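Data first, discussion second: the structure below is written as structure tokens.
On a predicted model such as this, the values are computed, not experimentally measured, just so you know. Below, chains carry the letters A, B, ... as their sequence lines are ordered, and counting in each starts from 1.
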Number of protein chains: 2
Amino acid sequence: MKPLLEDIKQELKAKNIYLSHQRLKVLECLIQNHCHPTAEELFIGLHKDMPTLSKTTVYNTLRILAESDLVRTITIEGNESRYDIVTGDHGHFKCGSCGMIFDFPIDFDSLLTKELIRFKIIEKNIYFKGLCPECISNKQKIK
Amino acid sequence: MKPLLEDIKQELKAKNIYLSHQRLKVLECLIQNHCHPTAEELFIGLHKDMPTLSKTTVYNTLRILAESDLVRTITIEGNESRYDIVTGDHGHFKCGSCGMIFDFPIDFDSLLTKELIRFKIIEKNIYFKGLCPECISNKQKIK
DNA sequence: TGTAGAATTGTAATGATTACAATTATTATA
DNA sequence: TATAATAATTGTAATCATTACAATTCTACA
Ligand SMILES: [Mn+2]
Ligand SMILES: [Mn+2]
Ligand SMILES: [Zn+2]
Ligand SMILES: [Zn+2]
């Protein structure tokens, strides 16, 4: 599940991708924050300790990591991409009230219907929208 | 599954949404083309017969229809929204070679894990990416 | 140490979508 | 039917995430 930085470093070396200071910081941030941040959020968080960091570098790094399958790009909203260091199959739930994104497990085998038998599946994505338990109970209180 | 224009007209009337000429044409186009078009594609297709049509109207119409749950917004790529007149639960497969988007059935009950038991699910989305049978066989020929 | 190649940076460009104000169409009312 | 109020459409400008690009800086290797 949760990947270790050391393992990722190994994979990067194996794929001949140079691990610069900036790239390392982006990776660390993704590993520590499983909140599926946007590029902007990553930039803001990293910029505090790295005032010279460029937003372009954040985007470049995320693209390289995604192309190497070390990061998964999540598109839920259409006007923003989010990034997930957990690349294994799992679903995402976005709460429409607080905006939080939750992971949940998925049995992908049960999804493979006969209609897809002749298709080659490379990437699988599932996301739900609705209300998280916290926000549901908050609404109850207001009533 | 495939909705009829008459049924949609009824629903619009029930929801007090005025069915203008432009909105009707957008709906007709979505019903006739199950290719999950973008707003741009809809605009180009409709503009031939309706030179006065504005792209803003296409966007406005799609937003209203989506808010009324008569159209489903599909975000697969992140830099473009696509629209589907079929609002019932089903999955989408996008071929990375030809770009076509295919529908496939989904057993959503099998997705409801205990982790989501306290969440209120309002919208469910599944999309896969990969290669369609046609493009797979085309690759074989090249070899 | 010098140099070629790669990474980073800052800025400008792109492109989808939205905001807005003016115009046009529809509906309700007299 | 004429009039006024309301709603929809249109064209243009603005927004905002992302990308392109050229200049600068860094890294690895001889
Ligand atoms: Mn996740
Ligand atoms: Mn569909
Ligand atoms: Zn919530
Ligand atoms: Zn294909």
Side-chain angles (χ1 to χ4, degrees), chain A residues 9 12-29 36-68 70-84 94 99 101, chain B residues 8-9 12-29 36-68 70-83 94 99 101:
Chain A
K9 283 185 181 176
L12 286 170
K13 191 164 284 182
K15 291 180 179 176
N16 234 29
I17 296 169
Y18 171 65
L19 189 62
S20 67
H21 180 58
Q22 290 88 341
R23 290 176 181 174
L24 176 66
K25 286 296 175 188
V26 169
L27 271 173
E28 282 178 357
C29 204
H36 313 89
T38 62
E40 175 80 19
E41 287 166 352
L42 281 166
F43 173 73
I44 291 172
L46 292 169
H47 192 258
K48 293 169 191 161
D49 296 328
M50 274 177 92
T52 62
L53 179 68
S54 162
K55 201 181 281 185
T56 300
T57 298
V58 176
Y59 276 106
N60 286 341
T61 299
L62 292 169
R63 182 172 38 76
I64 284 177
L65 294 174
E67 284 170 3
S68 313
L70 290 167
V71 157
R72 163 177 286 236
T73 307
I74 298 170
T75 53
I76 295 181
E77 287 307 335
N79 63 339
E80 64 177 24
S81 293
R82 294 180 168 273
Y83 299 90
D84 194 343
K94 175 158 188 177
I101 295 176
Chain B
I8 293 176
K9 282 185 181 176
L12 286 169
K13 191 165 283 180
K15 290 180 179 175
N16 234 30
I17 297 169
Y18 171 65
L19 188 63
S20 67
H21 180 58
Q22 290 88 339
R23 290 176 182 175
L24 176 66
K25 286 296 176 187
V26 170
L27 271 172
E28 282 179 356
C29 205
H36 312 89
T38 62
E40 175 80 19
E41 288 167 351
L42 282 166
F43 172 74
I44 291 172
L46 292 169
H47 191 259
K48 293 169 191 161
D49 296 328
M50 275 177 91
T52 61
L53 179 68
S54 162
K55 201 181 282 186
T56 300
T57 299
V58 176
Y59 276 104
N60 287 342
T61 299
L62 291 169
R63 183 173 38 75
I64 285 177
L65 293 174
E67 283 170 3
S68 312
L70 290 167
V71 157
R72 162 176 286 236
T73 306
I74 298 171
T75 53
I76 295 182
E77 287 307 337
N79 63 338
E80 64 177 23
S81 293
R82 295 180 169 272
Y83 299 90
K94 174 158 188 177
I101 295 176

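- Rounded to an integer number of Å, the gap from A:Leu19 CG to D:dT27 P is 12 Å.
- Proximity of B:Glu41 to B:Arg82: side-chain heavy atoms (C-beta onward) are separated by under 4.5 Å at one or more points.
- Among the protein residues, B:Tyr59 comes within range of the nucleic acid bases, having at least one heavy atom under 4.0 Å from a base atom.
- Picking from D:dT27, D:dT10, C:dT8 the nucleotide with the shortest atom distance to the side chain of A:Ser20 gives C:dT8.
- Heavy atoms of A:Thr38 sit nowhere under 4.0 angstrom from any nucleic acid atom.
- Contact between the side-chain N/O atoms of A:Thr56 and the OP1/OP2 oxygens of D:dT18 is not found at any separation under 4.0 Å.
- Here the P atom of nucleotide D:dT9 and the CG atom of B:Leu46 are 13 Å apart, to the nearest Å.
- If you take CG of B:Leu53 and C1' of D:dT10, they are 9 Å apart, rounded to a whole angstrom.
- The separation between A:Ile17 atom CD1 and D:dA28 atom P is 15 Å, rounded to whole Å.
- Residue B:Asn60 has its side chain nearest to D:dT9 when only D:dT19, D:dT9, C:dA7 are considered.
- Annotation: of the two residues near DNA chain C, A:Pro51 and B:Lys55, the 5′-most nearest-nucleotide partner is A:Pro51.
- A close approach under 4.0 Å does not occur between any side-chain nitrogen or oxygen of A:Gln22 and OP1 or OP2 of D:dC26.
- Rounded to whole Å, atom P of D:dC16 lies 13 Å from atom CD1 of A:Ile44.
- Here the P atom of nucleotide C:dT9 and the NE2 atom of A:His21 are 9 Å apart, to the nearest Å.
- In this structure, the side chain of A:Ser20 engages the main chain of A:Arg23 through a donor-acceptor pair within 3.5 Å.
- Among the nucleotides C:dT9, D:dT10, D:dT18, the one closest to any side-chain atom of A:Thr57 is C:dT9.
- A salt bridge links A:Lys94 with A:Glu80: the distance from a Lys NZ or Arg NE/NH1/NH2 to an Asp or Glu carboxylate oxygen falls below 4.0 Å.
- In this structure, A:Lys25 places its NZ atom 14 Å from P of C:dT8, rounding to the nearest Å.
- Remark: side-chain polar atoms of A:Lys15 are paired, donor with acceptor, to backbone N or O of A:Ser68 under 3.5 angstrom.
- As judged by a 4.0 angstrom heavy-atom cut-off over every strand, B:Arg63 is placed among residues making no nucleic acid contact.
- Rounded to an integer number of Å, the gap from CZ of B:Phe43 to P of D:dT9 is 14 Å.
- With hydrogens and angles disregarded, a donor-acceptor distance shorter than 3.5 Å links the side chain of A:Thr61 to the backbone of A:Thr57.
- Close to D:dT9, at under 4.0 Å from its OP1 or OP2, lies no side-chain N or O of B:Ser54.
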